[in-house]
Amino acid sequence: MNKYISKWMDYTLPTGQHFSVSVCGYSGKVRHLYLGDDPVRRMLVQHVYADDGFCQTGDHCLALDCPLNRADREHLLHMLDMNEDEELDKEAAKEWGTGSTLEGFLLFVKKIGESLPDDVKRPRSPVEEENQPV
C-alpha cells in the first residue's frame, strides 16, 4: 500500500478556543479534528495507507465525502471524544441547522475542509517507505 502524509493545521476560534485538523495526503480532506492541545493524538495521526480503492484508516476518518470512508456513527463519536450524541444548545442548533452535536461537528469539519488553502486540499503523491505494511 502507498503511504500518504497527513498535514496538521492549527486554528483559533473567535472565542479563543484552539483546535487542529489533520488533512489526508491521499484525499486532501479533513480526516481528524481535536479541540485544545493533544500532542499524543497529533503523533498518532500522521499518515494513511491507501491503494486500489481501500484505505487502512477509512473506518477512523471524519472525511465522510471520501469514497474510501467506512466510519460508522459510533466511531465518529469516539473520534470526537464523545460517548454519545448530545443535544446542541438552541443558539448553536439554529446556526448549524441541527440539534445534534455530532452532526454539528461534521458540518464544521466540512466547512473547514472547504476553506483549506488549495495547496493543502490537493491530494499529494505517496512517500517512499522501506517497511510498508502487508
Side-chain angles (χ1 to χ4, degrees):
M1 291 199 124
N2 291 318
K3 179 179 180 178
Y4 297 86
I5 303 299
S6 296
K7 179 170 180 58
W8 281 98
M9 306 284 294
D10 301 315
Y11 294 92
T12 304
L13 294 171
T15 61
Q17 173 73 52
H18 299 283
F19 71 96
S20 299
V21 298
S22 177
V23 181
C24 175
Y26 176 81
S27 69
K29 299 177 183 300
V30 174
R31 65 180 283 245
H32 211 87
L33 169 138
Y34 67 81
L35 301 174
D37 187 30
D38 191 343
V40 172
R41 192 174 312 198
R42 198 175 190 113
M43 285 177 17
L44 295 174
V45 180
Q46 293 187 5
H47 57 269
V48 299
Y49 288 98
D51 210 0
D52 296 327
F54 180 78
C55 176
Q56 282 189 329
T57 57
D59 59 353
H60 200 83
C61 180
L62 296 175
L64 297 183
D65 55 346
C66 177
L68 306 184
N69 188 300
R70 303 179 312 280
D72 62 26
R73 184 173 180 80
E74 294 304 312
H75 226 105
L76 295 170
L77 288 167
H78 165 74
M79 290 180 68
L80 295 167
D81 298 323
M82 298 168 35
N83 293 321
E84 60 185 34
D85 198 2
E86 298 175 7
E87 187 89 14
L88 280 175
D89 64 66
K90 288 183 181 186
E91 186 178 325
K94 183 178 178 183
E95 176 74 26
W96 289 102
T98 180
S100 161
T101 298
L102 175 60
E103 294 302 321
F105 267 120
L106 295 173
L107 289 167
F108 181 65
V109 164
K110 186 174 181 177
K111 188 174 188 99
I112 292 298
E114 292 168 354
S115 72
L116 291 170
D118 288 340
D119 65 318
V120 174
K121 61 182 169 185
R122 183 178 310 120
R124 293 179 284 288
S125 298
V127 296
E128 293 294 320
E129 182 177 51
E130 289 180 24
N131 300 319
Q132 290 191 15
V134 193

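Remember, it's a predicted structure, so these values are computed and weren't measured experimentally. By convention here, the first residue in the shown sequence is residue 1.
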Considering non-hydrogen atoms only, spot the tightest contact between [X] and [Y] and give its length.
X   : Y   : value
R41 : L33 : NH1-O, 3.9 Å
C61 : G58 : CB-O, 4.2 Å
L62 : M79 : CG-CE, 3.8 Å

In this structure, would [X] and [Y] fall into the same cluster of hydrophobic residues linked by side-chain contacts under 4.5 Å?
X    : Y    : answer
L116 : I5   : no
L35  : V30  : yes
M9   : L106 : yes

[X] versus [Y]: any side-chain heavy-atom pair under 4.5 Å?
X    : Y    : answer
L76  : L64  : yes
V21  : V109 : no
P126 : Y4   : yes
D72  : H75  : yes

> Under 3.5 Å, is there a donor-acceptor pair linking the side chains of H18 and T12?
Replying inline: yes
>> Can you classify the ring geometry of W96 versus F108 as parallel (below 30°), tilted (30 to 60°) or perpendicular (above 60°)?
In response: perpendicular
>> Restricting to salt bridge (charged side-chain N to carboxylate O under 4.0 Å, His left out), what partner residues turn up for E103, sequence neighbours left out?
In response: R73
> Do W8 and V45 pass the side-chain contact (heavy atoms from CB on, under 4.5 Å) test, and can you show the C-alpha distance, the side-chain angles, and the key distance before you say yes or no?
Replying inline: CA-CA 9 Å; W8 281 98; V45 180; 3.6 Å; yes
> How many angstroms lie between atom OG of S22 and atom CG of L44, to the nearest 0.5 angstrom?
Replying inline: 11.5 Å
>> Working to the nearest 0.5 angstrom, can you tell me the gap between E74 CD and D85 CG?
In response: 9.5 Å
> Around atom CD of Q17, are there more than 12 heavy atoms of other residues, nucleotides or ligands at under 6.0 Å?
Replying inline: yes
> Which of these passes side chain to side chain donor-acceptor pair (under 3.5 Å) with S6: R42, R31, H47?
Replying inline: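 Only match with S6 under side chain to side chain donor-acceptor pair (under 3.5 Å): R31.
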> Taking D65 as the fixed residue, which of K121, K110, K29 is the one that meets the salt bridge (charged side-chain N to carboxylate O under 4.0 Å, His left out) rule?
Replying inline: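 Answer after filtering K121, K110, K29: K29.
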> Taking 4.0 angstrom as the limit, do K7 and D119 come out as a salt bridge?
Replying inline: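 Salt bridge flag = no for D119 with K7.
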> Which ILVMFWY residues are connected to L88, directly or by a chain of links, through side-chain heavy atoms under 4.5 Å apart?
Replying inline: none
